[in-house]
Amino acid sequence: MSVDEKLSRYAFKASEDRWQAAWEDRQCFSAGEDRDRPKYYVLEMFPYPSGRIHMGHVRNYTMGDVVARYKRARGFNVLHPMGWDAFGMPAENAAMEKKVHPAEWTYANIDTMRRQLKMMGLSIDWSREIATCHPDYYRHEQQMFLDFLEAGLIEQREGWVNWDPVDRTVLANEQVIDGKGWRSGAPVEKRRLSQWFFKITDYAQDLLDALDTLGRWPEKVRLMQSNWIGRSEGLRISFELEDRDDRLEVYTTRPDTIFGASFCAISPEHPVAAQLAADSAVLTEFIEECGKLGTSEAVIEQAEKIGFDTGLRARHPFVNGKTLPVYVANFILMEYGTGAIFGCPAHDQRDLDFARKYDLDVLPVVVPKDTEDFVIGDEAYTGSGRLTNSDFLDGLDVEAAKSEIANRIEAAGHGTREVNFRLRDWGISRQRYWGCPIPVVHCDDCGVVPLTAADLPVVLPDDVSFDRPGNPLDRHEVWKAVDCPKCGKPATRETDTFDTFVDSSWYFARFTAPQADAPTDRNAADYWLPVDQYIGGIEHAILHLLYSRFFMRAMTKTGHAGMDEPIAGLFTQGMICHETYQTEAGEWVEPANIVEGDGNTFIHAETGEPLTVGRSEKMSKSKKNVIDPEDIIKTYGADTARWFMLSDSPPDRDLDWTEAGITGAWRFANRLWRLVENSADSLPTEPTISENAEIRRAIHAAIAGVTEDLEAFHFNRSVARIHELVNTLSDLEPKTDGDVLHEGLEAVTRLIGPMMPHLAEELWKMLGHETLVAESDWPAFDASLLVQETVKIAVQVRGKMRGTIEIANDADQAVAEAAAMALPTVTAALDGDEIKKIIYVPNRIINVIH
RNA sequence: GCGGACGUGGUGGAAUUGGUAUACACAACAGACUUAAAAUCUGUCGGUCGCAAGACCAUGCGGGUUCAAGUCCCGCCGUCCGCACCA
């Protein structure tokens with residue numbers, strides 16, 4: 001860089017160091033419980049310490065920082081903390097692959113990522129930092145487990161897991177690939193294991209109902225949660241079984257189709273299936289085959305639907321002598337309803353596919369209105385209509401038939417109306433080391449015994465090895481050995497740890513008092529909660545957010561909190577994507593190794609191989625299309641990186657990372673810096689009000705617009721408005737327009753404050769201020785300046801644009817008509833025809849119909 | 001498979017929520033400055049036809065509602081997210 005360039009360019013590095021030190025010095029971002037100002041709690045989803053920050057983090061934390069800095073300028077007492085979602089599988093994988101202890105790996109990653117986040121200049125209260133893997137955090141989680149247990153919110157029962165028979169270890173769904181263990185390659189089996197469950201289903205109705213109160217959540221997230229909870233009103237019907245004393249309980253939401261039933265199907269895990277399998281090797285084999293699909297619902301649903309005819313027959317409750325074959329079918333989930341259904345192929349697609357496959361009857365019992373010769377082909381009919389082929393239900397509509405059949409079945413004692421939820425209890429036991437230990441012991445005499453508060457924390461042992469698969473806690477005889485809290489005899493510790501979703505279900509509460517001796521300090525929690533603005537990826541729309549909502553209720557029930565809903569406002573951001581590059585052999589190549597060849601081609605920087613450019617995809621290590629934020633910040637500065645993150649793409653949509661985009665942002669930062677640099681000396685020292693109404697309108701319209709956009713999360717629009725204002729100000733002559741330029745530059749500087757905080761401080765100083773933008777108020781606008789005297793409105797003839805007219809604001813229809821008719825394009829389009837109607841929307845449009 | 005979203009110039013996108021489609025930015029092209037390049041500044045920039053005025057076409061595809069549709073409704077196509085042990 002030449003001397004000349006140094007003089008004409010914004011020296012971001014010095015600036016960033018200077019202002020970050022100034023903020024730190026003055027403790028600008030430390031939060032206290034100031035009751036004189038309204039509080040505002042801004043939170044971004046805390047990161048998993050995977051190694052280095054990625055662009056997704058940069059985008060997420062930039063958005064949160066814009067909100068935090070903006071709200072601070074608006075006079076709010078802002079809490080904006082940061083922490084680490086530090087337990088999880090990657091640390092154990094690293095331990096196996098790189099022979100490094102999970103704790104060491106995790107804490108080193110945290111140090112790196114904290115340093116990187118600080119480079120961004122975020123307005124975070126770092127004194128509140130927490131890491132979920134630290135005993136100071138997880139001891140409180142253990143305490144709450146004990147409290148929840150006592151409050152009846154937890155129970156222990158058996159649950160299914162994916163079992164790798166070769167590695168003799170439990171696998172996560174993502175570790176099962178095509179039905180095989182990812183390391184061993186062995187076909188997985190389903191196994192029953194004793195597990196702890198949070199009874200989230202006790203709150204199913206409440207979690208559903210309360211969605212209506214979450215007005216500042218995206219509609220799509222509320223809808224997804226609502227569907228996930230999946231309330232259904234149906235009927236539990238008890239079928240008699242031929243040659244058996246017991247009955248088969250099925251659950252259905254379409255009892256009206258009972259006369260179209262042609263089979264029953266039960267889950268491979270249904271007790272009846274197990275019983276029959278005891279005497280049937282073929283059925284046993286079939287059930288084992290189903291188990292190879294693992295526990296993933298997505299896999300089960302996508303697998304080919306297969307069944308096994310048990311030979312059992314269920315008696316139809318209303319048709320004398322009619323019996324239905326009972327199948328064991330791989331798509332029936334034991335977790336939903338009763339684990340058994342009756343199938344009506346004509347009116348359910350899955351049942352129809354099954355019936356066609358096994359050649360079962362397809363009898364339509366609901367016919368759409370005004371239809372003759374109704375037949376079912378390859379598509380089931382699930383719409384409304386009249387009942388037919390259904391004895392006493394004939395002629396009724398679907399709703400009436402549902403009600404009638406329910407009445408009859410209840411009266412006959414063959415079943416009951418039942419509300420069901422798709423939502424299942426939350427299994428929290430994990431057979432892994434790097435998680436929060438579950439604070440219970442197993443005693444031969446007393447059974448499962450919870451520890452007491454005095455025994456906490458149960459700390460993970462450090463001396464563990466990962467040289468073989470399985471949970472190291474399980475083989476740690478010293479750590480496991482403990483005296484039973486009840487009888488004092490030797491007992492063993494529970495070796496399962498918590499699902500990491502437990503850690504992230506209450507961290508927002510812990511941030512309100514991170515040093516408290518109890519899980520929360522109610523004074524602080526009641527002051528700060530709920531989170532006013534939460535920001536994170538859409539991928540967490542269901543599980544993390546639903547678990548957190550449950551957890552808050554559980555904390556309230558046990559006295560650790562005082563409200564049900566932890567998150568008042570939610571925003572879900574899009575992902576960061578980048579083009580992908582591949583060699584002819586199909587190997588992925590990093591963007592750093594790409595150079596442009598002749599024409600529109602790209603070649604490998606080192607090997608010179610020709611490369612194909614693939615479409616933009618989510619940045620991922622596997623496709624090597626990642627850009628390291630630290631490289632970008634070092635090259636262009638934090639403000640440029642932040643500005644690019646906010647420009648162009650709407651925050652809820654995916655953002656395409658491009659070289660052109662980041663250099664464009666860099667050029668803008670410099671352009672603005674030069675504008676102030678070149679005009680600062682010519683500006684009046686005492687602010688005066690300019691007579692230039694046009695420019696002042698532009699300035700105040702920008703302030704009004706940016707304010708509105710920031711409130712609505714339209715950051716890309718704020719950026720466009722700031723571009724426009726800077727373009728306008730650039731055209732001014734500092735010597736003659738000094739007063740209005742001064743007003744404009746002061747406004748721009750404060751408007752970019754939340755987005756490019758270092759540059760804003762730098763410009764503020766250049767404009768002669770000794771205060772900090774970080775401690776300044778948000779600029780106000782004068783609404784009276786925004787009113788325009790005349791408006792330009794569109795003129796249409798029969799809905800087609802024919803020109804525009806400029807008339808007075810709120811002009812009468814007569815004025816608008818006269819102006820419109822005077823347009824040659826209008827008279828030409830009318831061609832002498834009679835005018836039938838004129839539609840006039842003041843300040844918008846006039847439409848002449850002929 | 002089920003549930004949820006998204007689709008506008010060469011590119012990212014804007015559109016007062018049913019009222020002038022393409023703001024703002026990028027890329028490209030032309031010019032100025034420069035020995036030259038970079039940087040910077042100025043101009044052009046949806047498509048077709050036309051010297052021009054202008055006309056016609058265009059918001060994934062096909063229908064519909066309306067004086068008026070990117071926006072609302074119906075049906076397709078494509079892409080993405082979630083599916084309970086990844087975080």
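To find a chain, count down the sequence lines: A is the first, B the second, and so on, and within it residues start at 1. Here the structure is a predicted model, which means the values were calculated and not measured.
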For [N], take OP1 and OP2 only and decide whether either is under 4.0 Å from a side-chain N or O of [X].
X: A/Asn716; N: B/rA14; value: yes
X: A/Asn227; N: B/rG4; value: yes
X: A/Arg653; N: B/rA14; value: yes
X: A/Arg667; N: B/rA27; value: yes
X: A/Lys800; N: B/rG54; value: no
X: A/Arg432; N: B/rC86; value: no
X: A/Thr804; N: B/rU20; value: no
X: A/Arg802; N: B/rA55; value: yes
X: A/Arg430; N: B/rC85; value: yes

To the nearest angstrom, how far is [X] atom [atom1] from [N] atom [atom2]?
X: A/Met619; N: B/rA87; atom1: CE; atom2: P; result: 23 Å
X: A/Trp673; N: B/rA39; atom1: CH2; atom2: C1'; result: 14 Å
X: A/Glu174; N: B/rC85; atom1: CD; atom2: C1'; result: 9 Å
X: A/Phe668; N: B/rC24; atom1: CZ; atom2: C1'; result: 11 Å
X: A/Phe551; N: B/rA84; atom1: CZ; atom2: P; result: 21 Å
X: A/Glu92; N: B/rA87; atom1: CD; atom2: C1'; result: 14 Å
X: A/Phe644; N: B/rA25; atom1: CZ; atom2: P; result: 15 Å
X: A/Trp666; N: B/rA38; atom1: CH2; atom2: P; result: 18 Å

Open item on the list: Does the plane of the ring in A/Tyr507 sit parallel, tilted or perpendicular to the ring in A/Phe46? Use 30° and 60° as the thresholds.
Closed with: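 Correct class here is parallel.
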
Open item on the list: Below 30° counts as parallel, above 60° as perpendicular, anything between as tilted: where do the rings of A/Tyr61 and A/His57 land?
Closed with: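 Parallel, since the angle between the ring planes stays under 30°.
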
Touch check for [X], heavy atoms < 4.0 angstrom, all strands: base, sugar-phosphate only, or nothing?
X: A/Trp228; value: base
X: A/Pro47; value: nothing
X: A/Asp652; value: nothing
X: A/Ile849; value: sugar-phosphate
X: A/Glu724; value: sugar-phosphate
X: A/Glu335; value: nothing
X: A/His544; value: nothing
X: A/Glu579; value: nothing
X: A/Val221; value: nothing
X: A/Gly88; value: sugar-phosphate
X: A/Val848; value: nothing
X: A/Ala541; value: nothing
X: A/Ser50; value: nothing
X: A/Leu655; value: nothing

Pairing nucleotide - [N], Watson-Crick or G-U, each distance under 3.5 Å:
N: B/rG12; answer: B/rC24
N: B/rA30; answer: B/rU42
N: B/rC2; answer: B/rG82
N: B/rA69; answer: none

- [ ] Give the C-alpha distance, both sets of side-chain angles, the deciding distance and a yes or no for side-chain contact (heavy atoms from CB on, under 4.5 Å) between A/His578 and A/Ile627.
- [x] CA-CA 8 Å; A/His578 193 282; A/Ile627 302 287; 3.8 Å; yes

Could you tell me if the ring centre of [X] sits under 6.0 Å from that of [Y]?
X: A/Trp643; Y: A/Phe668; result: yes
X: A/Tyr547; Y: A/Trp426; result: yes
X: A/Phe12; Y: A/Tyr636; result: no

- [ ] Side chain of A/Met575 only, please: which of B/rC81, B/rU20, B/rC86 is the nearest?
- [x]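 For A/Met575, the side-chain atoms sit closest to B/rC81.
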
TODO: Among the candidates B/rU17, B/rC86, B/rA87, find the nucleotide nearest to the side-chain atoms of A/Arg844.
DONE: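 The listed nucleotide nearest to A/Arg844's side chain is B/rU17.
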
Quote, to the nearest angstrom, the [atom1] distance that separates [N] from [M].
N: B/rG13; M: B/rU59; atom1: C1'; value: 12 Å
N: B/rG3; M: B/rG9; atom1: P; value: 30 Å
N: B/rU65; M: B/rU71; atom1: P; value: 15 Å
N: B/rG60; M: B/rC67; atom1: P; value: 25 Å
N: B/rA21; M: B/rG70; atom1: C1'; value: 7 Å
N: B/rA32; M: B/rA37; atom1: C1'; value: 16 Å
N: B/rC72; M: B/rU8; atom1: P; value: 15 Å
N: B/rG46; M: B/rA14; atom1: C1'; value: 15 Å

TODO: Determine whether A/Tyr10 and A/Arg671 make a side-chain contact, defined as any pair of heavy atoms from C-beta on separated by less than 4.5 Å.
DONE: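 Answer no - side chains too far apart.
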
TODO: May I ask you to test the A/Phe198-A/Val502 pair for a side-chain heavy-atom distance under 4.5 Å?
DONE: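 In contact.
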
Open item on the list: As a test of the definition: with a 90° window around 0 for syn, would you call B/rU17 syn or anti?
Closed with: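 Syn.
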
Open item on the list: Could you check B/rG9 for me: syn (within 90° of 0) or anti?
Closed with: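 You should classify B/rG9 as syn.
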
Task: Sidechain-backbone polar pair: A/Asp425 side chain, A/Thr201 backbone, donor-acceptor under 3.5 Å - done: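 Flag set: sc A/Asp425 to bb A/Thr201 pair under 3.5 Å.
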
